[in-house]
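Computation of the quantities below employed the complete heavy-atom set of this structure, encompassing side-chain atoms and omitting hydrogens, waters and symmetry-equivalent molecules. Small disclaimer: the values here were computed from a predicted structure and weren't measured. Chain naming here is simple, since letters A, B, ... match the order of the sequence lines and numbering starts at 1 in each.
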Protein chains: 2
Amino acid sequence: MQERAEYCQEHHVHADRVAHVKGDMPDEVRLYDLAELFKVFGDTTRIRILYVLFESELCVCDIAQLLDMSQSAISHQLRVLKQARLVRSRREGKTVFYFLADDHVRTIIGQGMEHIEE
Amino acid sequence: MQERAEYCQEHHVHADRVAHVKGDMPDEVRLYDLAELFKVFGDTTRIRILYVLFESELCVCDIAQLLDMSQSAISHQLRVLKQARLVRSRREGKTVFYFLADDHVRTIIGQGMEHIEE
DNA sequence: ATCACATATGAACAGTTGTTCAAGTGTAAG
DNA sequence: CTTACACTTGAACAACTGTTCATATGTGAT
């Protein structure tokens, strides 16, 4: 966090580029939110849940069964996904159905897949 | 991980959907790799590094200066980014320049930004 | 060879995260 | 109002992650 001058001499730093980049950086809050969003994608369980919802809406119980995990674990993760506005839910009697919130989920996961399959 | 039957009765589970979804799920390894990839995006420092590299290639020292962080911290994170094949590097004398590996980075970050700005 | 600089790396430590377990809602049916 | 089911939630604990600090490597100049 300090002592940078010790490593990096004035005359070495590529001042022009540094100055240029410094200009068009999104603000800290936005970058933080962005990282938070990707954190949500960065867990196998949540990725699997999202994938499972690609096809159709499902209830908590269905998802737990599909992923062979406890209903509680799934519920916790659905909450995270919901807070990130990646999924939404609707209630039908005792059952709660979850579904993908919008198409960004598909695009982001699609691009990710493309990347790892290169 | 067990006791599902206790919560979820045979007659309730939406068997048709469950069966259908079960068919076209990517294999476990792929889903794991995908989560690993997004984990890399899920950190403020790494997101900031990627953003900084949107404009032009930069050396470790430049990045550390721009983000006001230690050279060591940046170096550690660049390694993570490199392992995920999100950045690449070239050496020029004592200096090592880092740059974005391909356009997926831009697309993924772009989509992420769109999502949080809704 | 020796020195200085740019970068890399290993160990360690605090902070975060995901699951389980137990207990809590909410809803429909008897 | 009681019971049963679908789901939610809070606490706790192990596992993981990011930074720091100290040290190591690589390169070029003297």
Could you tell me which residues satisfy side-chain hydrogen bond (donor to acceptor under 3.5 Å, both in side chains) with [X], sequence neighbours excluded, listed by chain and number?
X	answer
B/Glu114	A/His104
A/Arg106	A/Asp103
B/Arg79	none

May I ask you to say what B/Phe97 touches in the nucleic acid, namely base, sugar-phosphate or nothing, with a heavy-atom cut-off under 4.0 Å?
nothing
Taking atom [atom2] of [N] as reference, at what distance in whole Å does atom [atom1] of [X] sit?
X	N	atom1	atom2	value
A/Gln77	C/dT17	CD	P	11 Å
B/Ile74	C/dT9	CD1	C1'	15 Å
A/Lys82	D/dC7	NZ	P	12 Å
B/Leu81	C/dA8	CG	C1'	15 Å
A/Leu78	D/dT8	CG	P	7 Å
B/Phe38	D/dT17	CZ	P	17 Å
A/Leu67	C/dG18	CG	P	15 Å
A/Asp68	C/dT20	CG	P	10 Å

With sequence neighbours excluded, tell me which residues meet side-chain contact (heavy atoms from CB on, under 4.5 Å) with [X].
X	value
B/Ser75	B/Gln71
A/Lys82	A/Val87, A/Ser89, A/Tyr98
B/Glu28	A/Arg48
B/Arg88	B/Phe99, B/Ala101

Taking only the side-chain nitrogens and oxygens of A/Gln71, find out if one of them lies under 4.0 Å from OP1 or OP2 of C/dT20.
no
Hey, does the side chain of B/Ser70 come within less than 4.0 Å of D/dT20's phosphate (OP1/OP2), counting only N and O?
yes
With sequence neighbours excluded, residues passing ring-ring contact (aromatic ring centres under 6.0 Å, His included) with A/Phe54
A/Tyr51
With respect to the side chain of A/Tyr98, which nucleotide from D/dT8, C/dT7, D/dC7 is positioned closest?
D/dT8
Which of the following nucleotides, C/dA8, D/dT19, C/dT19, is nearest to the side chain of B/Ser75?
C/dA8
Quick check: on DNA chain C, is the nucleotide nearest A/Glu36 upstream (toward 5') of the one nearest B/Val60, or the reverse? Name the residue that is more 5'.
B/Val60
What string of B, S and - do you get for nucleotides 25-30 of chain C, 5' to 3', if B is base contact, S is sugar-phosphate-only contact and - is no contact with any protein heavy atom under 4.0 Å?
-BBS--
Strictly under 3.5 Å: I want the nitrogen or oxygen pairs between protein and nucleotides 10-15 of chain C, one per line.
{"residue": "C/dG10", "atom": "O6", "partner": "B/His76", "partner atom": "NE2", "Å": "2.8"}

Sequence neighbours excluded and cut-off under 3.5 Å, please list the side-chain donor-acceptor pairs for residues 32-40 of chain B, or say none.
{"residue": "B/Glu36", "atom": "OE2", "partner": "B/Lys39", "partner atom": "NZ", "Å": "3.0"}

Between B/Pro26 and B/Leu31 the two heavy atoms that sit nearest each other are O-CD1, 3.6 Å
Interface residues of residues 39-57 of chain A with DNA chain C (non-hydrogen, below 4.0 angstrom):
A/Lys39, A/Asp43, A/Thr45, A/Arg46
Begin from the C-alpha positions of B/Ile108 and B/Gln111 and carry the test side chain to side chain contact (heavy atoms under 4.5 Å, CB included) through to its verdict.
CA-CA 5 Å; B/Ile108 291 172; B/Gln111 286 289 311; 6.0 Å; no
Can B/Val52 and B/Asp62 be said to form a side chain to side chain contact (heavy atoms under 4.5 Å, CB included), step by step?
CA-CA 10 Å; B/Val52 141; B/Asp62 288 338; over 6 Å; no
